[in-house]
Amino acid sequence: MSSNQPGVQARPAPHARPELILDIERVLDVAARQAIRAEFRFDPEAPLVVSVELVVEGGPRVLWRIGRDLLQQGLYSVSGLGDVQMWPTHSEDRATARLRLASRDMAALFELPVPPLEEWLEHTYELVPAGRELAEIDWEVATADLLQGP
């Protein structure tokens with residue numbers, strides 16, 4: 001998978017764990033934005049979630065685990081409740097989506113380019129199709145583990 005867009009890197013990860021690195025923006029107010037690097041990772045062993053690590057140059061790394069379906073739906077319509085919400089926005093020159101992340105009394109709003117994220121998510125659905133995320137679980141073992149307790 002590749003992209004001709006600046007600030008976008010897609011590289012194959014070992015063991016079919018796709019990764020996407022995007023330069024995104026944190027929306028601080030109408031006229032102020034902060035450049036952020038977002039590293040999206042998908043593990044077919046845990047296909048319901050996408051790990052998103054947000055990196056500010058010279059600052060901390062913040063890891064969020066976001067539902068894969070929430071990200072997919074958020075490219076086209078309002079998605080999510082509570083701490084994670086996403087919705088599409090369309091500026092004159094490009095398709096973008098807004099991602100709002102909240103924790104306790106803090107919240108951050110990010111703007112993401114849709115085309116590379118859309119392509120990357122499509123690839124994750126090729127690896128583990130929608131509706132097949134739980135197909136590989138051995139329910140007898142999982143149930144036994146739950147019943148045994150700690």
How long is the span from the [atom1] atom in [X] to the [atom2] atom in [Y], to the nearest 0.5 Å?
X    : Y   : atom1 : atom2 : answer
W120 : L71 : CH2   : CG    : 7.5 Å
L109 : E25 : CG    : CD    : 11.0 Å
E19  : E53 : CD    : CD    : 9.5 Å
I24  : I36 : CD1   : CD1   : 6.5 Å
D43  : L48 : CG    : CG    : 11.5 Å
W87  : S77 : CH2   : OG    : 12.5 Å

Side-chain heavy atoms of L101 within contact of L54, under 4.5 Å: yes
Side chain proximity check, Y125 to D69, heavy atoms < 4.5 angstrom: yes
Worked check of side chain to side chain contact (heavy atoms under 4.5 Å, CB included) between I66 and L99: CA-CA 11 Å; I66 301 173; L99 175 65; 4.2 Å; yes
Greater than 12 external heavy atoms within 6.0 Å of L81's CG: no
By side chain to side chain donor-acceptor pair (under 3.5 Å) - contacts of R68 (at least two apart): T124, E133
Residues which pass side chain to side chain donor-acceptor pair (under 3.5 Å) with E39, listed by chain and number, not counting sequence neighbours: R37, R41, R61
